[in-house]
Protein chains: 2
Amino acid sequence: MGAPDRGPQTSARKRADARRNEQSLLEAAATAFLAAGVDVPVRDIAARAGVGVGTIYRHFPTRADLVVAVYRHQVEAAAEAGPTLLAASDTPYAALTQWIDLFVDFLVTKHGLAEALQSDDAAFEALHAYFLDRLVPVCARLLDAAATTGEVRPDVAAYELMRGVGNLCIGAGRDPRYDARRLVELLIAGLRP
Amino acid sequence: MGAPDRGPQTSARKRADARRNEQSLLEAAATAFLAAGVDVPVRDIAARAGVGVGTIYRHFPTRADLVVAVYRHQVEAAAEAGPTLLAASDTPYAALTQWIDLFVDFLVTKHGLAEALQSDDAAFEALHAYFLDRLVPVCARLLDAAATTGEVRPDVAAYELMRGVGNLCIGAGRDPRYDARRLVELLIAGLRP
DNA sequence: GGGGCAATCGGAACAAGGTTCCGCTTGCTT
DNA sequence: AAGCAAGCGGAACCTTGTTCCGATTGCCCC
């Protein structure tokens with residue numbers, strides 16, 4: 001196998017203008033996501049970046065590709081935090097709750113991301129896949145460790161838990177009466193045997 | 001105060017054709033929701049009912065009005081089941097879990113309803129309002145009773161719980177690996193003191 | 001340095017769905 | 001039976017996603 005395909009944002013060998021545009025798009029998208037959520041119209045991102053819509057589709061065929069590119073660093077950081085927390089915490093359960101906290105923080109601060117993550121829109125399939133592929137194994141490791149010490153029931157799958165947590169984060173921040181963090185805490189509490 | 005406004009579906013005094021159309025629309029919408037979810041295109045519902053789109057908007061200004069009209073009976077039934085279960089169950093906690101089960105069953109069998117319930121789309125605001133106005137007090141009563149007997153912690157608001165349960169139902173039935181009922185059970189388990 | 005070509009670009013054009021609006025039809029009253 | 005207001009239908013318009021192709025331009029080679 002040759003060099004791994006690391007996605008559009010690393011652009012092995014492209015024309016200079018193409019690389020420049022990709023960078024502008026990434027920055028424009030990050031700003032636009034912050035201002036108007038991950039559902040911001042494609043035209044708005046294109047306008048912000050000063051390119052045509054065709055250019056967006058060329059670099060990021062689906063919206064999910066753009067979202068993944070924008071948040072990749074943070075997802076990687078979350079993935080790496082799993083083992084770190086496990087090593088540093090008193091008990092696996094403590095590591096699990098801290099890690100889930102991290103994940104919740106990430107989701108609730110990204111307007112519309114939790115919604116997109118659960119959406120059945122085909123445009124978000126790759127988003128779903130990336131998040132889950134990257135984070136479910138990390139969660140599974142924490143969950144297994146906590147199950148081994150008997151701190152949580154052993155019959156809950158990491159996939160299901162992650163989806164549940166993601167779901168609970170939907171709409172967080174839109175209504176002061178709804179505190180996603182609290183509900184996630186309840187869910188995690190319900191994990192005890 | 002005079003006769004209460006019971007919404008468009010009861011049509012105090014309208015022309016015969018108007019009442020007929022309203023009925024057709026309700027039936028067409030129920031079928032369409034079943035077949036294609038509550039997000040089915042307005043044009044499809046109109047076609048099914050054999051009316052123009054203008055007629056839909058005249059009778060049901062927002063999609064939420066139509067959804068509420070279609071599911072009103074079932075929501076009322078759920079609301080009435082609250083006190084009934086409380087009276088019939090051994091403990092308030094048992095009544096609460098049974099009632100939540102009922103609610104979850106309702107949501108997971110209505111394609112897209114849970115999503116719509118949490119959506120921030122303005123078209124669904126009235127849906128949100130109706131469900132919450134009608135069901136939160138019922139849930140609050142069950143929750144209070146269970147808190148009084150010490151079966152659940154007293155610091156969880158019915159509103160928050162309902163939103164949480166609704167959120168967990170999002171995407172149920174789209175993925176066999178995700179079992180909304182199970183996660184709701186965990187959440188309810190986390191309610192114990 | 002400049003020619004040529006393939007990569008890349010821009011944005012017009014098309015599709016889909018929501019919403020509005022108004023000329024026409026028709027039920028109901030008298 | 002006539003008249004009129006309630007009600008109807010659907011064309012037209014808006015927003016947003018997506019495709020496509022003629023125009024542009026970076027880059028390689030001479």
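Chain A is the first sequence line, chain B the second, and so forth, proteins listed ahead of strands; every chain is numbered from 1.
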Colleague: Quick one: list whatever passes side-chain hydrogen bond (donor to acceptor under 3.5 Å, both in side chains) with B:D155, sequence neighbours left out.
Modeller: B:R153
Colleague: Apply side-chain contact (heavy atoms from CB on, under 4.5 Å) to residues B:I45 and B:L66 and explain how you reach the verdict.
Modeller: CA-CA 11 Å; B:I45 303 176; B:L66 191 49; 4.0 Å; yes
Colleague: May I have the list of side-chain donor-acceptor pairs in residues 141-148 of chain B shorter than 3.5 Å, sequence neighbours left out?
Modeller:
from, atom 1, to, atom 2, distance (Å)
B:T148, OG1, B:D144, O, 2.8

Colleague: Without swapping roles, check the side chain of B:W99 against the backbone of B:A94 for a donor-acceptor pair under 3.5 Å.
Modeller: no
Colleague: Among all residues two or more places apart in sequence or in another chain, which pass the side-chain hydrogen bond (donor to acceptor under 3.5 Å, both in side chains) test with A:S89?
Modeller: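 Only A:Q98 meet the side-chain hydrogen bond (donor to acceptor under 3.5 Å, both in side chains) criterion with A:S89.
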Colleague: In whole angstrom, give the distance that lies between atom CD1 of A:I56 and atom C1' of D:dT16.
Modeller: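 Result: 13 Å.
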Colleague: On a heavy-atom basis, which atom in A:L187 and which in A:G164 lie closest, and how many Å separate them?
Modeller: CD2-C, 4.3 Å
Colleague: Only pairs under 3.5 Å count here: list side-chain donor-acceptor contacts from residues 168-177 of chain B, not counting sequence neighbours, and write none if there are none.
Modeller:
from, atom 1, to, atom 2, distance (Å)
B:R174, NH1, B:E115, OE2, 3.1
B:R174, NH2, A:Q118, O, 2.4
B:D175, OD1, B:R177, N, 2.8
B:D175, OD1, B:R177, NE, 3.4
B:D175, OD2, A:Y159, OH, 2.2
B:D175, OD2, B:R177, NH2, 3.2

Colleague: Just the rounded figure in Å: distance from C1' of D:dA6 to CD of B:E22.
Modeller: 14 Å
Colleague: Go through the structure and list residues passing side chain to side chain contact (heavy atoms under 4.5 Å, CB included) with A:R43, not counting sequence neighbours.
Modeller: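 Partners of A:R43 under the side chain to side chain contact (heavy atoms under 4.5 Å, CB included) test: A:V53.
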Colleague: Should B:H59 be listed as having a side-chain N or O under 4.0 Å from OP1 or OP2 of D:dC8?
Modeller: yes
Colleague: Where along residues 111-121 of chain A does a heavy atom come under 4.0 Å from DNA chain C, residue by residue in number order?
Modeller: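 Within this stretch, nothing sits under 4.0 Å of the strand.
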Colleague: Test of understanding: with side-chain hydrogen bond (donor to acceptor under 3.5 Å, both in side chains), list the residues that count as partners of B:R182, not counting sequence neighbours.
Modeller: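 B:R182 satisfies side-chain hydrogen bond (donor to acceptor under 3.5 Å, both in side chains) with A:E160 only.
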Colleague: Taking five pairs at each end of the helix from C:dG1-D:dC30 to C:dT30-D:dA1, what angle separates the two helix axes (nearest 10°)?
Modeller: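 Rounded value for the end-axis angle: 10°.
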Colleague: Does the protein touch nucleotides 10-19 of chain C at the base, only the backbone, or not at all? Give it as B, S and - per nucleotide, heavy atoms under 4.0 Å.
Modeller: BBBB---SBB
Colleague: Across nucleotides 23-30 of chain C, 5' to 3', mark each nucleotide with B, S or - according to how protein heavy atoms within less than 4.0 Å reach it.
Modeller: ---BSS--
Colleague: Donor-acceptor pair, distance only, cut-off 3.5 Å: does the side chain of A:R163 make one with the backbone of B:A180?
Modeller: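 A pair under 3.5 Å: no.
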Colleague: One thing to verify: whether B:E22 and B:K14 come together as a salt bridge, which I'm taking to mean a side-chain N less than 4.0 angstrom from a carboxylate O.
Modeller: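 Yes.
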Colleague: What residues form a side-chain hydrogen bond (donor to acceptor under 3.5 Å, both in side chains) with B:T62, not counting sequence neighbours?
Modeller: B:D65
Colleague: Which atom pairs, donor and acceptor, lie under 3.5 Å between side-chain atoms of residues 123-131 of chain A and protein residues at least two apart or in another chain?
Modeller:
from, atom 1, to, atom 2, distance (Å)
A:Y130, OH, A:E76, OE2, 2.8

